[in-house]
**Q** 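Pasting a structure here, questions to come.
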Amino acid sequence: MMELSSAKVIEYTQQILISLICLSILTLFIYLNHVQPYYFIDEVFHVSQTLQYCAGNFSQWDPKITTLPGLYIITTLILSPLSLCNIFYMRCINLLGTFLNLYLAYNILKQISISYWKQRWSSWIKLIVSCNITLFPPLFFWHFLYYTDVVSINAVLLMLLLHSHRKWKLASFIGLLSMLIRQTNIIWVAFIFVEHIFDLLEHKMSKPISNQEYCSVSYLKLIWKKIIEETYHGWKSFAIFIIQLCVQLIPYVTVCVLFVIFVIWNKGIVVGDKAAHIPTIHVPQLFYFSIFLFCFSWPYMIIYWKDYFKFVSKHWIFASCSLLLITIIIYFNTHVHPYMLADNRHYVFYFWNKFMGKYRLFKYLLVPVYSFTLYTQFRGIEHLRFTTRINYSSMVCIVLIPQLLIEPRYFIIPYVLYRFFIKKPTKWQLIAESMTTLVVNFLQFYIFVSKTFYWSDQLHPQRISW
């Protein structure tokens, strides 16, 4: 009998590992549903609304729900024909979505490893990274509950994958669907739209772009030079050039226009509970995100610590002004949403009440930490195309700064995209990231299961989540 080739052995080993991971997730899902069989926080709105849809009552709407009904429609289309409209099977939608995240993340990494870094990653690296993204604690926590987070990121990742395969019309349609699940996903449609513009312009370049030009402001100069060159061919030729670009951008433009029409008609982004979700200017959200990013991606960011201190010593005036600016922003622009102080079922409640809100100076002690994490955050993506870095940073600002509520769930998609952008990891970084992911997941579920308390107006025990 012929021995199996090493490639076949690796393939079979990976298939067994994936099967074990999926089985473990399924087992955890069943156990957590046994622990928490009743509504958990916002599920009371999501489940009730879906039950209305399953019953054919599409005119009924709970005014406390802030998102569009994409999740409820998808669930109803799947479960209603099977007569399975109950909380357990609704949660199964997110279980399936978690498995889908693993598939999507793996295939996106396959594309990225070829397209961006010009080097192929081993199948083991792609598998481990995609597992870490799937099991990313603030995302993975919601796999056993009926929330919008898992299905929302399913749609965004599917849009990214389709776009990478140049299926722009289908990608834009999925982008529209993602917007129906969570309105803020329009920002990631816009992100891809901007990337698509520069991809098309770059494709028309007659000469290859060097890596140094690709990652610096010189890239913008080359793009502008190309546009100017097109004008030299005459206005007719230039008009054809612009029309060709616009035709290829129509799918994404259509989705963005539809969103603008919706916002004008709705007189805002959120559908319900508008009084509690008024857009504001909350710049410290960027600082919170940088620390959040570091907590889960520290193996990829800590490597720049020497460079940070060299930068500070060399550019001490700029560094001092940056620290002063961060301090001023914290002093004048730190906001606290009433929900955050009133709900002890979230980690942020405890962090704020025991540290940030309890000690007036504590938030200023974090200024050097913000400085370091912001520096390493930008260093971590310095290998990307210059416009991609600007585009990503701009979209993160747009999605986070208007948010008054400090909510880790708002950080999930910015984090996942950042994780895709990171260069090929080393062995120790993969191990450290995997251990961090597993430890935090263990702790979060241990706390969820073991730490219970009661509210006077609630029959069932309350638990702690993100």
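Any value given below was found using the heavy atoms of this structure, including those in side chains, with hydrogens, waters and symmetry copies removed.
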**Q** Counting only pairs under 3.5 Å, give me each side-chain donor-acceptor contact of residues 122-131, with atom names and distances, residues two or more places apart or in other chains.
**A**
unit_1	atom_1	unit_2	atom_2	d
Ser122	OG	Ile125	N	3.2
Ser123	OG	Gln14	NE2	2.8
Ser130	OG	Lys126	O	2.8
Ser130	OG	Leu127	O	2.8

**Q** According to the side-chain hydrogen bond (donor to acceptor under 3.5 Å, both in side chains) rule, which pairs have a member within residues 36-45, sequence neighbours left out?
**A**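 Checked against side-chain hydrogen bond (donor to acceptor under 3.5 Å, both in side chains) - neighbours excluded - the pairs reaching residues 36-45 are Gln36-Arg463, Glu43-Arg91.
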**Q** If the condition is side chain to side chain contact (heavy atoms under 4.5 Å, CB included), which residues does Thr67 pass it with, not counting sequence neighbours?
**A**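 Once residues adjacent in sequence are excluded, the partners of Thr67 under the side chain to side chain contact (heavy atoms under 4.5 Å, CB included) criterion are Ile65, Tyr72, Thr148, Arg182, Gln183.
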**Q** Any non-hydrogen side-chain atom of Thr426 less than 4.5 Å from a side-chain atom of Leu430?
**A**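 No - every pair of side-chain heavy atoms lies 4.5 Å or more apart.
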**Q** Going through the distances and angles, do Phe386 and Tyr219 end up as a ring pair (Phe, Tyr, Trp, His ring centres under 6.0 Å)?
**A** CA-CA 7 Å; Phe386 180 77; Tyr219 178 83; 7.9 Å; no
**Q** Taking only residues two or more places apart in sequence or in another chain, which ones pass ring pair (Phe, Tyr, Trp, His ring centres under 6.0 Å) with Phe136?
**A**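 Partners of Phe136 under the ring pair (Phe, Tyr, Trp, His ring centres under 6.0 Å) test: Phe292, Phe296, Tyr415.
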**Q** With sequence neighbours excluded, what pairs up with Tyr106 under the ring pair (Phe, Tyr, Trp, His ring centres under 6.0 Å) test?
**A**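 For Tyr106, no residue satisfies ring pair (Phe, Tyr, Trp, His ring centres under 6.0 Å) once neighbours in sequence are set aside.
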**Q** Donor-acceptor pairs under 3.5 angstrom involving side-chain atoms of residues 16-30: please list them, not counting sequence neighbours.
**A**
unit_1	atom_1	unit_2	atom_2	d
Ser19	OG	Gln15	O	2.8
Ser24	OG	Leu20	O	2.8
Thr27	OG1	Leu23	O	2.8

**Q** Output all residues satisfying side chain to side chain contact (heavy atoms under 4.5 Å, CB included) with Val312, sequence neighbours left out; order by chain, then residue number.
**A**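 Side chain to side chain contact (heavy atoms under 4.5 Å, CB included) check on Val312 returns Tyr308, Ala319.
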**Q** Could I get the full list of side chain to side chain contact (heavy atoms under 4.5 Å, CB included) partners for Leu417, not counting sequence neighbours?
**A**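 Residues passing side chain to side chain contact (heavy atoms under 4.5 Å, CB included) with Leu417: Leu160, Trp188, Tyr392, Ile413, Phe421.
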**Q** With sequence neighbours excluded, tell me which residues meet ring pair (Phe, Tyr, Trp, His ring centres under 6.0 Å) with His337.
**A**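 For His337, the residues satisfying ring pair (Phe, Tyr, Trp, His ring centres under 6.0 Å) (neighbours in sequence not counted) are Tyr339.
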**Q** Tell me, please, which residues at least two apart from Ile227 pass side chain to side chain contact (heavy atoms under 4.5 Å, CB included).
**A**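 Checked Ile227 against side chain to side chain contact (heavy atoms under 4.5 Å, CB included); matches are Leu201, Ile223, Trp224, Phe238.
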**Q** Within the 4.5 Å heavy-atom criterion, are Phe173 and Met159 side-chain neighbours or not?
**A**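 Heavy-atom side-chain distance check fails, nothing below 4.5 Å.
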**Q** Are the side chains of Asn101 and Asn154 in touch, meaning some heavy atoms are under 4.5 Å apart?
**A**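 Yes - at least one pair of side-chain heavy atoms lies under 4.5 Å apart.
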**Q** Does a salt bridge link Arg385 with Asp199, judged by any charged N lying under 4.0 Å from a carboxylate O?
**A**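 Judged by the 4.0 Å cut-off on N to carboxylate O distance, Arg385 and Asp199 do form a salt bridge.
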**Q** Check the pair Phe140 / Phe445 against ring pair (Phe, Tyr, Trp, His ring centres under 6.0 Å), numbers first and verdict last.
**A** CA-CA 10 Å; Phe140 182 58; Phe445 290 122; 5.8 Å; yes
**Q** Name all residues meeting the ring pair (Phe, Tyr, Trp, His ring centres under 6.0 Å) criterion together with His315; count only those two or more places apart in sequence or in a different chain, and write none if there are none.
**A**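 Residues passing ring pair (Phe, Tyr, Trp, His ring centres under 6.0 Å) with His315: Phe311.
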**Q** May I have all residue pairs that pass salt bridge (charged side-chain N to carboxylate O under 4.0 Å, His left out) and include part of residues 301-315, sequence neighbours excluded?
**A**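 For residues 301-315: Asp307-Arg379.
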